[in-house]
**Student:** 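Structure in structure tokens, see below.
Being a predicted model, the structure only gives us computed values, none of them experimental. In what follows, every heavy atom counts, from backbone to side chain, and hydrogens, waters and symmetry copies are set aside.
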Amino acid sequence: MIGFIQAIQRRTPLGWLQLNHSRSRLLVAISGIAFADVLIFMQLGFQNALYDSNTTLNRAVLADIVLISPQSRNMQNMSTFSRRRLYQAADVPGVKSADSMYIGLVTWKNPQTRRKTTVQAIAFNPEQPVLNIPEINTQLDKIKLPDHFLFDRGARGDYAQILSQIDAGQIVTTEIDKRTINISGLFKLGASFGADGTIISSDENFLRIFPRRKAGSINLGLIYIQPGYEPEQVAAALKSHLQDNQDVKVFTRQEFIKFEEAYWKKESPIGFIFTLGVSMGFIVGVIIVYQVLSTDVNSHLKEYATFKAMGYQNSYLLGVIFEEAIILAALGFIPGLILPIGLYQLARNATKLPIYMTLARALMVFLMTIIMCIISGAIATSKLQSADPADMF
């Protein structure tokens, strides 16, 4: 091991010397790799924000098992099913209790700008918490009052003035379909690609703003299991018990989260666009690095031929090219990592989406950068391997 380290130390860093010989070419290569990394980071950031923001509500649900309609596509396109299924579910061993949740999109007037915008309305029986959001659970008494709602302080839009008013204890009024409602409290859920924000109230208040909805038609069935039972075990029993009814699907809590994520990954065009953007960033990086390395090989082709004439094998010369590729990957990744951190903050402030840099993403992009540069190096060395020293002189 010591001998190997000493051999590395004695080795001439030919790859670095060749890159450093032309500073302008080196800066162009670093800039190109940084650009590709920034593109990949931004696409991955928006992609993860897409999945995270649209599964926030799913992850906040306290239920162990969730029932939905088979016609439901995602949380912004929820169909209804009969509340009788909850009564049938109560007969299954292991089921402790069952609650219902109503979900719908409404157009309301922004209390500050008076412009109409779309928000998601969520409602449930306020006698028992159903969401793992402490700000909501401490204000359940407020939504018991007629036409009183809680508003999402993480909503996208201009709400700074009314947020400060509500924080000061004031009640803000606005309209939903010509019906006056009162905003008496705040909570934090956050905007998503599907909705600009969320309002929460009791099931009775929900039915007031959706007069055509029947109380017996619900969007989610929230099943809580007794201690000592596993969610998978009870979910299997529920599927068997409700199999004659084709109007419900049974999910464990984790399956419910994956259901929402799968829609945005596979059915929504947005997920495909972000995946395509990552691929394009990778390809752009390969092309840029290939151009740099290919130019470097061509400009030093006689030197490489001399090495061959001196007895150096192709493997040594290929090692030099791959050394250059790895050096470029490391140098280009540094600015490619720093710039997205600032861009993430700008995008987060502008869109209210959860866009953050993570260690796992940074390591993944660094690995992609190394692979990108190695692929470019492998392509660039094709001419080097076929070079004949006799043809160079």
**Student:** Indicate yes or no for a side-chain donor-acceptor contact from Thr358 to the backbone of Arg361 under 3.5 Å, with no hydrogens or angles considered.
**Tutor:** yes
**Student:** Between Asn205 (side chain only) and Leu145 (backbone N and O only), is there a donor and an acceptor less than 3.5 Å apart?
**Tutor:**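 Judged by distance alone, yes, a pair lies under 3.5 Å.
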**Student:** Using modelled atom types only, decide if a donor and an acceptor are shared between the side chain of Glu260 and the backbone of Phe256 within a distance under 3.5 Å.
**Tutor:** no
**Student:** Applying side chain to side chain donor-acceptor pair (under 3.5 Å), can you list everything that pairs with Asn77, at least two apart in sequence or on another chain?
**Tutor:**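 Asn77: side chain to side chain donor-acceptor pair (under 3.5 Å) contacts with Asn74.
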**Student:** Between the side chains of Asp147 and Arg179, is the shortest nitrogen-to-carboxylate-oxygen separation below 4.0 Å, so that they form an ion pair?
**Tutor:** yes
**Student:** Going through the checks in order, is the side-chain hydrogen bond (donor to acceptor under 3.5 Å, both in side chains) test met by Thr173 and Asn182?
**Tutor:** CA-CA 5 Å; Thr173 61; Asn182 303 297; 5.4 Å; no
**Student:** Output yes when a side-chain donor or acceptor of Ser164 lies under 3.5 Å from a complementary backbone atom of Gln161, and no otherwise.
**Tutor:**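 Confirmed, Ser164 side chain pairs with Gln161 backbone.
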**Student:** What's the shortest heavy-atom distance between Ser376 and Tyr290, and which atoms?
**Tutor:** CB-N, 3.5 Å
**Student:** Ignoring hydrogens, what is the shortest heavy-atom contact between Ala362 and Phe333? Give both atom names and the distance.
**Tutor:**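 Minimum heavy-atom contact is O-CZ, 3.4 Å.
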**Student:** Is it true that atom CE of Met364 has more than 12 heavy atoms of other residues, nucleotides or ligands lying nearer than 6.0 Å?
**Tutor:**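 Check passes, neighbour count above 12.
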**Student:** Is the shortest side-chain N to carboxylate O distance from Arg115 to Asp158 below 4.0 Å?
**Tutor:** no
**Student:** To check you understand the geometry: which heavy-atom pair defines the closest contact between Thr198 and Phe187, and what is its length?
**Tutor:**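 Thr198 and Phe187 have their closest heavy atoms at O-CZ, 3.7 Å.
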**Student:** Salt bridge (charged side-chain N to carboxylate O under 4.0 Å, His left out), that's the test. Do Arg85 and Asp247 meet it? Break it down for me.
**Tutor:** CA-CA 9 Å; Arg85 302 295 171 252; Asp247 61 342; 3.0 Å; yes
**Student:** Provide the closest heavy-atom pair for Ile209 versus Ala121 in the form atom of the first, atom of the second, distance.
**Tutor:** CD1-CB, 4.3 Å
**Student:** Hey, is Glu127 close enough to Lys144 for a salt bridge, meaning N to O under 4.0 Å?
**Tutor:** yes
**Student:** Can you check ring-ring contact (aromatic ring centres under 6.0 Å, His included) on Phe210 and Phe206, steps first, answer last?
**Tutor:** CA-CA 6 Å; Phe210 288 92; Phe206 181 91; 4.4 Å; yes
**Student:** Using side chain to side chain contact (heavy atoms under 4.5 Å, CB included), reason through Gln71 and Met78 one step at a time and then give a plain yes or no.
**Tutor:** CA-CA 7 Å; Gln71 303 303 317; Met78 298 294 294; over 6 Å; no
**Student:** Considering residues, nucleotides and ligands other than Gln139, do more than 12 of their heavy atoms fall under 6.0 Å from its CD?
**Tutor:**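 It does: Gln139 CD has more than 12 such atoms within range.
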**Student:** Closest heavy-atom contact between Ser79 and Asn219?
**Tutor:**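 Heavy atoms of Ser79 and Asn219 come nearest at O-ND2, 3.3 Å.
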**Student:** Taking Thr369 for the side chain and Val365 for the main chain, is one N or O donor matched with an acceptor at less than 3.5 Å?
**Tutor:** yes
**Student:** Between Asp64 (side chain) and Arg253 (backbone), is there a donor-acceptor pair under 3.5 Å?
**Tutor:** no
**Student:** Is the side chain of Lys142 donor-acceptor paired with the backbone N or O of Ser184 at a distance under 3.5 Å, no angle test?
**Tutor:** yes
**Student:** Tell me whether Met368 shares a hydrophobic cluster with Leu343, the cluster being built from Ile, Leu, Val, Met, Phe, Trp, Tyr side chains joined at under 4.5 Å.
**Tutor:**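 Same cluster.
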**Student:** Among side-chain atoms of Thr252 and Glu232, is any donor-acceptor pair under 3.5 angstrom?
**Tutor:**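 No, no side-chain donor-acceptor pair sits under 3.5 Å.
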**Student:** Just by modelled atom types, is the Asp99 backbone N or O under 3.5 Å from a matching donor or acceptor in the Arg83 side chain?
**Tutor:** no
**Student:** Taking a hydrophobic cluster as the set of Ile, Leu, Val, Met, Phe, Trp and Tyr residues connected by side-chain heavy atoms closer than 4.5 Å, whether directly or through intermediates, do Ile288 and Leu331 fall within one such cluster?
**Tutor:** no
**Student:** Is a donor from one side chain sitting under 3.5 angstrom from an acceptor on the other, for Asp196 and Thr117?
**Tutor:** yes
**Student:** Near Arg59 CZ, under 6.0 Å, is it more than 12 heavy atoms from other residues, nucleotides or ligands?
**Tutor:** yes
**Student:** Evaluate ring-ring contact (aromatic ring centres under 6.0 Å, His included) for Tyr344 paired with Tyr356, printing each intermediate quantity in order.
**Tutor:** CA-CA 6 Å; Tyr344 278 1; Tyr356 298 93; 8.5 Å; no
**Student:** Describe, in one word, how the ring planes of Phe274 and Phe193 are oriented to each other, choosing from parallel (under 30°), tilted (30 to 60°) and perpendicular (over 60°).
**Tutor:**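 Ring orientation of Phe274 relative to Phe193: perpendicular.
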